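In this text, all values refer to a predicted model and were calculated from it rather than measured experimentally. The basis for the numbers below is simple: all heavy atoms, side chains too, and nothing from hydrogens, waters or symmetry mates.
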Amino acid sequence: MNTIKAADFDPNFKFEIEKELGGEHLTKCFNCTGCTVGCPISEIEPAYNPRKAMRMAILGMKKELFESEIMWLCVSCYTCYDQCPQDVRITDVLNAMKNIAEREERMGHIKLESAKPAFDKEFVDSIKRHGEVYETGVVIAQIVKHQGIKRLLEYTPTGIFMLKKGKLSLIPKNIKGMKQIKNIFRVVRGKE
Amino acid sequence: MKFSYYPGCVMHGTAVEYGMSTLATCRTLGIDIVEIPDWNCCGALEVYPDMYLELALSARNAAIAEQTGFPMMTTCAICFHNVSKAYFAVNESEKAKDMINEALGDITYEGKVGIRHLLDILVSDYGLENVSAKVKRSLSELKVAPYYGCLLARPKEIARFDDPENPQFLDRLIGALGAVAVPFEHKMKCCGGSLLMSREDLAHHLSRNILEEAVNVGADCLVITCPMCNVLLDLQQKEIEKRYGITLNMPVLYFTQLIGLALGHKPKELGLDKNVVSTAGVLKKLGVD
Ligand code: SF4
Ligand code: SF4
């Protein structure tokens, strides 16, 4: 049996999460499982359980959370959010945890294995560059990096259909207010 | 009735038929929509971890709309959620308002103008009886599965729209157009959209469940209100069929395409030739060519 050692936990993790926008209500959780009932991912992926993720966060299992895929399995559907009797706002708490992880990765402190934060980054970087997201470029880059060229080629017929129907933009274009977009990123992420 | 229209990035890309059918139906219904100038991407689902960035990106769009004085309207459920979040944050917390406006720099969002989803506007303001009065083409042959997805009605403190457990707005709209809305258990179940680029297997599984119910209840089509749901349910439907070795062949229409059909628009004006799963069966049933 795999036991856990409480002495290895990071007791500050819960405070770190509570300082993030969206993470404020984490410690209201009283472990009732209301969130897991009805979670669409828990229904199809036994490894995933939002109650357990809250518990791990409160206990300070930061390392285990950041080294596993757990929090990247949440699809942000907000089903649990409306069901929690303690107003924990699980979806936002999970996002606050993801934010800490993504920030630590940007600062070069950790490396995240999941393809989800990689896609988030690709997407948000595109907004930073253009103001609008360059959907075609972002999706192609992600498929090539995480599923391989072969997978991308399998999409050729769909790609051609979409191209013909005007559903793929081929050139990224910048919005006029790029100065304002740059300002947003500078203020929000300035200190990194 | 006048709104500042925030189309969102996908209306220039994968959801071009959503944009076309929105413009066509609003024109025919006499809803005046003016696209807000120089809007930016709201960050969709990918910005969610960074809530500050999410709020600031949406606040910029709302600040531009605020200068027009008209409330914002969108047909994208994700844009709707993100701008609503910024609206409530600014109205409920001075601290959030200051933080957001610091990020905005030389423009200011006062929180006077919020955002509405077109479906909400039609049911709550325009009136379904007034929609019915404009129906020119009978849809009475059509059995439609109403699919709301996640962000239109959840979370309830952001959406403030319809019953988050068992919403009825789309069902009622379908009825007002003369079609039959079939009872649909998966109406609020997630399509898996945000996992498509990292755990395609899970995303496909969730969407398969939705599509299979639509097939099993004998729906002629599935009607949706979100461009991300479209990517999973329409664009990825062939991939889902391949993965599981099943046949679904379920047409997926944006709700604005269904309205447009009832209002008598030509299929091409509504971009019905751009849906990936052919809509020919639906058109045939309605006797349209
Ligand atoms: S429903 Fe709320 S209180 Fe209950 S386990 Fe989930 S997060 Fe904790
Ligand atoms: S938001 Fe995440 S944890 Fe909550 S029900 Fe949806 S997938 Fe599960």
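Rounding to the nearest 0.5 angstrom, the gap separating the OH atom in B:Tyr48 from the CG atom in A:Asp92 is 9.5 Å. Here the CG atom belonging to A:Asp120 is positioned 9.0 Å from the CG atom belonging to B:Leu45, to the nearest 0.5 angstrom. With values rounded to the nearest 0.5 angstrom, B:Arg199 atom CZ is found 5.5 Å from A:Leu73 atom CG. Note that SG of B:Cys41 and CD of A:Glu135 are 9.0 Å apart. Values are rounded to the nearest 0.5 Å. Considering CD of B:Glu157 and CG of A:Asp82, their distance stands at 7.5 Å, rounded to 0.5 Å. Rounded to the nearest 0.5 angstrom, A:Ile184 CD1 and B:Glu102 CD are separated by 12.0 Å.
Between B:Asp106 and A:Gln180 there is a side-chain heavy-atom pair separated by less than 4.5 Å. Side-chain contact between B:Glu239 and A:Tyr155 is present, with heavy atoms from C-beta onward closer than 4.5 Å. Side-chain atoms of A:Phe119 and B:Ser198, non-hydrogen and from C-beta on, never get closer than 4.5 Å to each other. In this structure, B:Leu53 and A:Phe185 have side chains that are in contact, with non-hydrogen atoms separated by less than 4.5 Å. The closest side-chain heavy-atom distance from B:Lys156 to A:Tyr81 is not below 4.5 Å. You'll find the side chain of B:Leu202 stays beyond 4.5 Å of the side chain of A:Tyr48, heavy atoms only. Here the side chains of B:Val276 and A:Phe161 are in contact, with some heavy-atom distance below 4.5 Å. Considering only heavy atoms from C-beta on, B:Leu195 comes within 4.5 Å of A:Ile41 through its side chain.
Contacts of B:Asn275 with chain A are made by backbone atoms alone, with heavy-atom separations under 4.5 Å and no side-chain atom involved. Heavy-atom distances place no part of B:Glu54 under 4.5 Å from chain A, backbone and side chain included. Proximity to chain A (any heavy atom under 4.5 Å) is shown, for B:Lys95, by neither the backbone nor the side chain. With a 4.5 angstrom heavy-atom cutoff, B:Pro155 touches chain A via backbone and side-chain atoms both. When heavy atoms are compared at a cutoff of 4.5 Å, B:Asp273 approaches chain A by way of both its backbone and its side chain. Heavy atoms of B:Leu151 lying under 4.5 Å from chain A belong exclusively to its side chain. At a 4.5 Å heavy-atom cutoff, the contact between B:Arg60 and chain A is made by side-chain atoms alone. Only the side chain of B:Leu55 comes within less than 4.5 Å of a heavy atom of chain A; its backbone N, CA, C and O stay farther away.
The contact list for residues 229-237 of chain B toward chain A, using heavy atoms and a distance under 4.5 Å, reads B:Leu235, B:Gln236 by residue number.
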Checklist entry - Would B:Leu104 and A:Asn183 count as a side chain to side chain contact (heavy atoms under 4.5 Å, CB included) if you check the C-alpha gap in whole Å, the side-chain angles of each, and the deciding distance to 0.1 Å? => result CA-CA 7 Å; B:Leu104 291 190; A:Asn183 193 68; over 6 Å; no

Checklist entry - B:Glu200 and A:Arg151: side chain to side chain contact (heavy atoms under 4.5 Å, CB included), yes or no, with the steps? => result CA-CA 12 Å; B:Glu200 191 183 86; A:Arg151 181 75 183 108; 3.2 Å; yes

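Under the 30°/60° scheme for interplanar angles, the aromatic rings of A:Tyr78 and B:His81 are found to be tilted.
Counting only N and O atoms by type, the side chains of A:Glu132 and B:Asn40 include no donor and acceptor under 3.5 Å apart.
Annotation: ring pair (Phe, Tyr, Trp, His ring centres under 6.0 Å) contacts of B:Tyr5 (sequence neighbours excluded): none.
Within the 3.5 Å criterion, the main-chain N or O of A:Cys77 finds a donor-acceptor partner in the side chain of B:Arg154. Of the possible polar contacts, none joining the B:Lys274 side chain to the A:Lys167 backbone as a donor-acceptor pair under 3.5 Å is found. B:Asp38 places a side-chain N or O within donor-acceptor distance of the main-chain N or O of A:Lys176, the cut-off being under 3.5 Å. Checked by atom type and distance alone, the side chain of A:Asn95 never pairs as donor or acceptor with a backbone atom of B:Asp50 at under 3.5 Å. With hydrogens and angles disregarded, a donor-acceptor distance shorter than 3.5 Å links the side chain of B:Ser194 to the backbone of A:Val75.
With chain B as partner, the option from A:Thr136, A:Ile44, A:Val133 having the largest number of non-hydrogen pairs under 4.5 angstrom is A:Ile44. Here B:Thr14 is the residue among B:Leu57, B:Val16, B:Thr14 with the most heavy-atom pairs under 4.5 Å with chain A.
Closest approach of B:Glu46 to A:Val124, counting heavy atoms only: O-CG2, 3.9 Å.
Ion pairing between B:Lys189 and A:Glu43 holds under the 4.0 Å rule for side-chain N and carboxylate O.
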